[in-house]
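Order of the sequence lines fixes the chain letters, A, B, ..., with proteins taken first and strands second; residue numbering starts at 1 for each chain.
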Amino acid sequence: METFTYYPGCTLRTKAKELDTYARAAAEVLGISLVEPENWQCCGGAYTTATNEVSTKLSAVRTLMAGKETKGLVTVCSACHNVIKQTNYDIARNEAMAVKVQRYLGLEEAYKGETMVYHYLELLRDVVGFDKLKEKVVNPFKGKKIAAYYGCLLLRPSKALAMDNPENPVIMEDFIRAIGGTPVIYAQRNECCGGYITMEDKAQAAKRSGAVMASAEEMGADMIITACPLCLYNLKKNSGSDMPVYYFTELLAEALGLKEDGNE
Amino acid sequence: MQVNENFEPVIVAFCCNWCSYAGADLSGTNRLNYPTNVKIIRVPCSCRVNPIFILRAFQRGADGVIICGCHPGDCHYTSGNYFTRRRITLLYSMLDFLGIERNRTRLEWVSAAEGAKFAAVMNQFTEDVRKLGPNRRLEDLRCRKQ
Amino acid sequence: MQRIGVFVCHCGTNIAATVDVKAVAQALANEPGVVISQDYQYMCSESGQDLVKAAIKEHNLSGVVVCSCSPRMHENTFRKAASAAGLNPYLVEIANIREQCSWIHKDIASATEKAVVLGKAAVAKVHLNTPLTAGESPVVKRALVIGGGIAGIQTALDIAEAGFEVDIVEKEPTIGGKMAQIDKTFPTLDCAACILTPKMVEAAQNEKITIHSFSEISDVKGFVGNFTVTIKKKARFVDETKCTGCGLCTEKCPMKKVPNEFNMGLDNRTAVYIPFTQAVPKVATIDPNYCMMLKNGKCGICSKVCSVGAIDYKQTDRFVEQKYGAIVVATGFNPIKLDKYDEFAYSWCPDVVTSLELERLMNAAGPNGGTLLRPSDKKHPHTIVFVQCVGSRCDDEKGKPYCSKICCMYTAKHAMLIREKYPDTEVYVFYIDVRTPGKNFDEFYRRAVEQYGVHYIKGMVGKVSPKADGTIDVQASDLLSNEQLHIDADMVVLAAAIEPDKTARPLATMLTTQMDTNDFFTEAHPKLRPVESATAGIFLSGACQGPKDIPETVAQASAAAAKAIGLLCKNSITCNPCVAHSDELMCNGCSACEKVCPYGAITYQDKEFRMPDRTTAIRRVASVNPAVCQGCGACTVACPSGAMDLNGFSNSQIMSEVDAICK
Amino acid sequence: MQEAMIKRAKELLADGTVNRVMGWKKGEFVYDTTPAVFETAEELEKEFVCNDFTQANLSKYLIKESRKEGKILAFLKPCDTYSFNQLLKEHRIIRENVYVIGIPGGPKLDMEKIKAKGISGILDVKNENFTLKIETLYGTETMPFYEAVSGKCADCKSKKHVVYDELIGEDGDVLASRRFDMVEKLENMTSQERYDFWRGELSKCIRCNACRNVCPACTCENCVFDNPKSGIDQKAAADSFEENMFHIIRAFHVAGRCTDCGECSRVCPQNIPLHLLNRKFIKDINSLYGEYQAGADTTSKCPLTDYDTDDCEPSIVHERGVE
Amino acid sequence: MNKNEKDWIDITSGVNVRKCMRCGKCTATCPSYAEMEYHPHQFVYMVEKGDIEPLLNSDSLYKCLTCFACVERCPRGVEPAKVVEAVRLTAVRKQGNNHLIPDQIPAMLDDDMPQQAIVTAFRKYTK
């Protein structure tokens, strides 16, 4: 059993419990031990690209430091993942920033990006292996046409995230195949859902998420899956489409036969 | 260690005619700066550089010696730089064994297309030698400049 | 007593702006042996050279130092001038105070100081220069052309025309290259095949030309005038001398699902194949990756149907060794792979194609017999979008930093051809800049816009979204109206950047020629020697040296041929006199030098010596063949006794430079 | 042993196989032996010696001797055969003119080590069961044999004869010696410590040239340090630089050719451990380019006139050990 | 033209706007194109010119979704989103210039909205 540090993030404790609980349950079945650090803080939701802003990077560095003790740091929320990976990428390449952060946090040694950061999907691909996952599936999604929605946070900027081909990704499609479903390829899968604009411009959010849902539906999808609570919200609430939207962990748990237990 | 800010090291660069000397010319054509401390001696191939020349340079007052040649595999004479690599590796190892500072000597591969690399290498090397200060361990006191 | 003249060049303001040339001349005048030290505006000009010549005569100079640009520029110029004035040309030394001084330094005081030191080093060296006389080495009267595209064919034809033997080595089963795949050529719109195939046939029929198709270069040895090249003739499993090219085997071959590379994989060929009807040589080739007989020994149909018994499943690679006086590289280009540009959906939408694929789709010999149909559903496209600069002019690791040069014109050609043949089809071209510097090029492009009604939009496509109904949503910007556009297209054509062929890099290593960071071969001088490589006897033809269209390629191919002919015309060439020589009195005969010589220029003989004590002794000593030695100097360092030394770069000369610099 | 050698030498002289014999000649004292050429049986009887003090490597003398009329008999210890082989490889010795008899090697004794025990007025030294019985003007003294073994024999690399026409006594094997220990110790010092160590040693150099003259790899017709045309000719170590220069260049010139016979340090009147410089090169060559023993054969390529396209870069020097 | 402001934006973004070759791919790919008064390529061009005032006062600053499509697809590695972010920071770092104030929040919420939306919006709009 391999041990990883697991960072849930704010929303997974409240609005996106399904994303969290099923991820943990599935990890256990797949032989991965996830340890949650004590007193973790919110990642901030968005990475500030400004080169001269340190304070917004501190909480991500704290989380990254917590990951140093295990094989790596795992996140499941796309936004947390994006913030933490970008922070890790930049701090490894920006000595001055690393030193500044060290001073702010009063660290003995500067943190220079040593921790390996995994998205839960990467964990499935690189540590568990989709082949092994396939073996463990008890309720395959046979005949289900499932659209993978990456959004923007999971893939970009690809230099820092280095997860998959940012324009023609396969990781979620491979996941869908592993749980027995049929992936649906559609053009809008890596375009933005509208994100936080939903706070003040519902119309724009509706337009973006509507375009995503229409694109997936047009290609014959039965359902759409995501790894991001904000994406899920926009696609469900603002798109005007009633195609079901799930977290990928929900499908994972169901395929592994964990969902009935979870619902009890 | 004391660092004398005003110390201007003397640096001898042996450059092979086909790649590195052309690379140096290219950094000139592209107006890429490097310090005046670096003075280039043209040799047909990096394998022409006899260890005696390197010691001679230190004797006469050089503070750093750098040899530049074609990238391994790209030697104009097919194999010259492979011999250079062995000879110079062993020589540098011997100098290190005798307690001569490592950063006074360097071997770099610079192609005719790498004008920018040439300038960058010279800037870096000059800086490294400047940090070491004047060559004292391998100098000939009779040649010391007053 | 040495009588040295120093000549400091201003190079206009190139040197004089940052180096106080008068001060340099003055400082060097005080160096030992210097009898005259002058400065002049342009030392390389005729009057500058006259100045040098006059000084040599007037002061009876024994050595000349020119402080000027790089010796790579004008060393020869000044050597010739010295020679004309009766001074041995090798008594001239250059101090490089332009590329390695004035151009890289800004501070006049320190730049001048450095220029003086460089001058002193040159003076110190010239003190020890000795007159050298160049030897001669014979020229093999045969040329090798590597690559059988239009560049290689043209070069070979021109060299053969001049009466010399030429071998073409082509890695594919047929010569013809990229041009054979092209439908029409700009700016004349004549048919590529109609002008290329006669040349291919001419090459095949020319007695002086030997074509090694399906062959590669596996080794190159030697030097200008005398290269020894090993050619690997890959097994094609068909006896070239017997095959008549009847094509019966290709008709009967049961393995019909092999992607046809000639048609860019848009249709299929058989496992035994002739790439296209006009192939030269018209000989079948068996693809061992697909042939069932070669893979598991079951089939053998082609062998049965072949009436001349040309099929040979046991054929293996063969190696041919040949001597050449000159080598011309014509390895050409390929479009880049587009897997990193999937915002254009190339990987997963069949109706998004590259321009070269479009050439095949429109070609009469292509998969659709010349009717333009969408690959996905074979329907006639009504709206076609062209995207320019895909992978060209990129400043990231995905693409190429250079302009691919040919795309603007072939896109105009495609647009025009489509509009002419299918007036109901709307054509949009998204461009960043339209670059048409060529004879009749801009007129051609304007015709596409004005006569043929092609919509040129300044802007780039950002996202290509294939839709369920088979149309493609093209999202792009129109910068002039500051708008984001959506075009409902049926096909998208991407102008992929071009890059040198992958075989070029290992070839450059074998030839010891230089390449730039993009793997294009580097010419000896970007302006004055564009078709020669820096390695003597190696010439560059076509797109291997940089992106080129057909007229440019043919022009350069002929230029390379002219240079090669110039070399082959000579019975012998003047050798570099800066070669190694052995001091027999010091030589131990230990063979260290022989072991490091890449040219085998060193031999040994037993010689009788009179010793200081009046006895005689027979000793084994090295001697260098000056015609074979290329002057690298590896032997001089391998020699422990210092018996080996190098003319022009002697131990004492280099040490005198070291001393002057370190003083 | 000595008797067997003299007997065989006389036979070979008598049957005309050879016309000279290369061996060692007795001196005034037991430890005072010198390489010498003998031409008659009488000379052999009178002066030939082979004992615990006949350390000198005879190979180098054969360069000149093999070029003279007729064949010469040479007695070579295992370490001498390596030098002999290396010289054959370099075409310095004419093989046909030498008849090689391999004889067992050391451990030989170092007189200095005996004298260092405060023993003087030495008349004779005998080895009895690894205890030295030393006859002196002042009576008999004893000391353990191994405390008097010479430096070059203490680090013996091989008891194998790599070339011979016949053997007297048995052939041995290549040994697993700890000869690189001292080099390693120096490598693990700081740069400053190494510098201080070598300054301390090399500053003792009086430029007597003994190391060069004895070295079987230093066989140049005309040494660069004696040749005014080389630009580095020196007569005396007038400056610390020249001490460095001479020894670095000498080590470099014999790199890949030095068989590690240890003669340089043996003859140094100032007891400078010069062999460490050569061993540093041998150790580097072994670790960077693969195990190589100069003189082990006559066909392999010397590492400095050879290369591999995947050779390490000189930066490896910067990456290992301490600065 | 405010040179200091331009320099500050250059430093904050870490982007060399001079690398832009004006292909417009950023704008072609921008999902917020229709909502923006100034488009990504204009941000780059106007910052290069030092014409920053109109950008600082434009609502376009708050329409960028930071989806990085322009960053990913720019052939010159210019990273327009970072330029937009630098200009936005210049605006919101000014006293009293926060785009979103806490009092506005309750009216924007519904039962399902994840707090991720709130924290992200605060990061982007407020200092």
Between the OG atom in C:Ser465 and the CD atom in A:Glu191, the distance rounded to the nearest 0.5 Å is 7.0 Å
| message | Tell me whether the count of non-hydrogen atoms from other residues, nucleotides or ligands lying under 6.0 Å of NZ in C:Lys502 goes above 12. | response | no
- With a cut-off of 6.0 Å (strictly less than), are more than 12 heavy atoms of other residues, nucleotides or ligands near NZ of A:Lys112? no
Worksheet item: Within a reach of under 6.0 Å around NZ of C:Lys378, are more than 12 heavy atoms found that belong to other residues, nucleotides or ligands?
Response: yes
Counting heavy atoms not belonging to C:Asn289, are there more than 12 under 6.0 Å from its CG? yes
Cut-off 4.5 Å, heavy atoms of chain A, and the answer for C:Asp339 is backbone
Closest non-hydrogen contact found for A:Asn190 with C:Lys463 is OD1-NZ, 2.8 Å
For atom NZ of C:Lys458, is the number of surrounding heavy atoms from other residues, nucleotides or ligands below 6.0 Å larger than 12? yes
- prompt: Hey, are C:Lys340 and A:Asn168 close enough side-chain-wise for a donor-acceptor pair under 3.5 Å?
  reply: no
Quick one, C:Glu397 and A:Lys159 - any side-chain contact, counting heavy atoms below 4.5 Å? yes
C:Trp348 and A:Tyr186 have their tightest heavy-atom pair at CH2-C, 4.0 Å
Should we say atom NZ of A:Lys134 is surrounded by more than 12 heavy atoms from elsewhere, each under 6.0 Å from it?
no
inquiry  = Please determine whether a side-chain nitrogen of the Lys or Arg among C:Lys467 and A:Glu218 lies less than 4.0 Å from a carboxylate oxygen of the Asp or Glu.
reply    = no
